[in-house]
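Here is the structure we will look at.
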Protein chains: 2
Amino acid sequence: MTQNSPSGIQVIDRAAALLDAIARYPDPVSLKILAAETGLNVSTAHRILASLIHNRFVEKDSAGHYRLGLRLLQLGVRLHGNVDVRAIARPIMEDLRDRFGETVNLTIREGDAVVYIEKATPNRMIHVQQLIGSRAPLHVTAVGKLMLGAAGEAAIRAYAERTNLPAYTRNSITDLPRLIAACAQSLALGYALDDEEAEMDVGCIGVLVYDGTGNVSAGLSVSAPILRRRAEWIEDLMEAGKRLSLDLGYRPHPGPSAT
Amino acid sequence: MTQNSPSGIQVIDRAAALLDAIARYPDPVSLKILAAETGLNVSTAHRILASLIHNRFVEKDSAGHYRLGLRLLQLGVRLHGNVDVRAIARPIMEDLRDRFGETVNLTIREGDAVVYIEKATPNRMIHVQQLIGSRAPLHVTAVGKLMLGAAGEAAIRAYAERTNLPAYTRNSITDLPRLIAACAQSLALGYALDDEEAEMDVGCIGVLVYDGTGNVSAGLSVSAPILRRRAEWIEDLMEAGKRLSLDLGYRPHPGPSAT
DNA sequence: GAATGATTTTCGTATTATGAAAACATGTCT
DNA sequence: AGACATGTTTTCATAATACGAAAATCATTC
């Protein structure tokens with residue numbers, strides 16, 4: 001069913017579909033299944049997979065089943081721009097995680113969603129798990145609302161238009177005026193809450209991270225079971241956000257030049 | 001000059017070459033450069049890049065320059081098999097890092113090299129940096145020598161045949177009998193040293209990690225400036241290696257069945 | 001040991017990617 | 001400003017390329 005719109009080059013679309021299909025399974029997958037899953041002819045799938053193997057995007061185990069290859073890891077960790085943020089954020093995130101004993105996430109905006117690009121999880125039995133690379137709509141996350149707020153009212157309207165503000169829980173904001181107000185208020189306060197808006201039982205606190213050019217470059221957030229979340233964290237989190245922004249070259253006041 | 005041998009599908013080879021080219025640059029790159037770098041016609045490069053963008057393997061920034069896309073991260077972190085090891089190893093590695101105050105690496109074997117798949121770096125100004133996804137030949141690394149030892153003498157001979165045991169520093173072992181002896185001894189001791197064999201000034205201690213089926217699944221190592229390396233770490237490291245193996249389902253004695 | 005089911009290879013064909021060149025941006029210099 | 005230079009994007013006729021049906025090979029089951 002993964003019928004993506006064509007992009008100009010058939011093989012690349014097909015190769016991408018195959019990679020996705022492989023990624024969907026927790027264990028190595030057979031050619032048969034992959035061909036069925038992607039709707040490709042087996043011989044075509046086989047040929048493309050052979051090429052992907054040659055390029056180390058895919059590996060074949062001893063049983064002849066396919067799994068993702070190390071090249072993806074190699075390339076994945078080199079994401080430009082983000083690689084810096086991730087590396088710099090890591091220690092700060094670990095510090096927060098130890099302080100709160102909860103999951104700390106780093107996210108960036110991509111289109112109408114936030115994408116999780118790094119996380120620090122505590123050593124507790126129960127904690128919020130966010131898969132790196134997974135996505136969530138802007139209007140149901142703390143960081144997302146801040147990003148919307150920073151983008152301005154017109155952008156929020158456009159976003160609402162495009163997405164129709166679907167509800168994820170009964171707490172999700174699905175009403176444009178309320179969303180605009182919430183985003184503006186969050187931005188003004190410097191932090192945002194997510195009160196079980198994306199998932200029941202989970203609450204977040206988020207802040208924005210700015211880069212050297214003064215643009216929003218990422219979001220930093222804590223996710224915890226709602227009953228364990230503490231308002232005291234807000235201060236620490238805002239502090240960490242500022243710290244991280246400074247580390248990325250952000251200058252608080254648009255200082256009057258000098259080289 | 002990155003002239004890879006053809007794999008059966010031209011476009012995929014070319015797309016891979018483009019991704020590599022992008023990854024080589026720390027900042028977003030222009031089409032011109034990418035075309036030159038890969039030897040592709042600009043219009044071809046442009047078309048392939050457009051397709052890669054459509055599939056989110058590549059992004060274009062506001063200046064029209066290309067950088068790697070988030071899909072790579074998404075897929076990269078889902079590497080099957082390794083994902084478990086990485087996740088389980090993370091806390092153990094962080095513990096070791098805090099204990100030693102040095103970089104701790106997790107590696108797996110791929111062909112004739114070890115690949116770094118996870119690391120924990122200390123908060124010190126000077127520490128050993130290993131890029132995730134980067135590679136090093138087996139015979140100049142601690143973990144690599146253990147893996148060779150575990151593979152047996154015949155495999156070491158074959159490895160030597162294939163690679164010719166190139167020297168990386170004046171301490172590298174480039175002589176087959178010595179390598180065989182070193183590997184066997186390391187395996188017997190349960191740990192291996194790398195005394196500035198891969199890079200001057202850097203010393204490592206490595207141990208192996210076994211999975212549930214009793215196979216070598218990864219290697220765990222500390223890398224430090226040679227002057228700071230301590231023999232006392234060996235014990236802790238071996239301990240951690242055993243712990244991690246157990247966590248992965250390894251059973252010390254090949255217990256006599258029972259389901 | 002035949003039969004079933006999956007993987008791999010082959011090969012003629014038409015679809016698909018190709019790249020030269022032309023249009024379009026963008027920035028630079030006088 | 002205007003015109004040049006440089007880089008990007010689109011077009012389009014062409015042939016090289018990827019395609020997939022079917023045959024051959026391999027593995028597994030009954």
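Predicted model only: the values in this text are computed from it and were never measured. Within every chain, numbering begins at 1; the chains are lettered A, B, ... in the order of the sequence lines, protein sequences first and strands thereafter.
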Between atom [atom1] in [X] and atom [atom2] in [N], what is the gap in whole Å?
X: B:Leu40; N: D:dA16; atom1: CG; atom2: C1'; result: 16 Å
X: B:Asn41; N: C:dA20; atom1: CG; atom2: P; result: 5 Å
X: A:Ile9; N: C:dT15; atom1: CD1; atom2: C1'; result: 14 Å
X: A:Ile48; N: C:dA17; atom1: CD1; atom2: C1'; result: 14 Å
X: B:Leu49; N: C:dA17; atom1: CG; atom2: P; result: 15 Å

Requested in this report: Using atom types as modelled and distance alone, determine if a side-chain donor or acceptor of A:Arg47 lies under 3.5 Å from a backbone N or O of A:Leu49.
Outcome: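 No, because the side chain of A:Arg47 does not come within donor-acceptor range (under 3.5 Å) of the backbone of A:Leu49.
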
Requested in this report: Can you establish whether the number of heavy atoms outside A:Arg90 located under 6.0 Å from its atom CZ is more than 12?
Outcome: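 Atom CZ in A:Arg90 is packed in, count exceeds 12.
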
Query raised in the report: Got more than 12 heavy atoms from elsewhere within 6.0 Å of CZ, B:Arg56?
Result: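 More than 12 heavy atoms, drawn from other residues, nucleotides or ligands, come within 6.0 Å of this atom.
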
To the nearest 0.5 angstrom, please state how far the [atom1] atom of [X] sits from the [atom2] atom of [Y].
X: A:Leu146; Y: A:Gln185; atom1: CG; atom2: CD; result: 11.0 Å
X: A:Leu165; Y: A:His139; atom1: CG; atom2: NE2; result: 5.0 Å
X: B:Leu18; Y: B:Thr38; atom1: CG; atom2: OG1; result: 4.5 Å

Taking only the side-chain nitrogens and oxygens of [X], find out if one of them lies under 4.0 Å from OP1 or OP2 of [N].
X: B:Arg14; N: C:dA17; value: no
X: A:Thr44; N: D:dC19; value: no
X: B:Gln10; N: C:dA17; value: no

Query raised in the report: Which letters describe nucleotides 5-10 of chain C, given B = protein heavy atom under 4.0 Å from base, S = only from sugar-phosphate, - = neither?
Result: -SSBB-

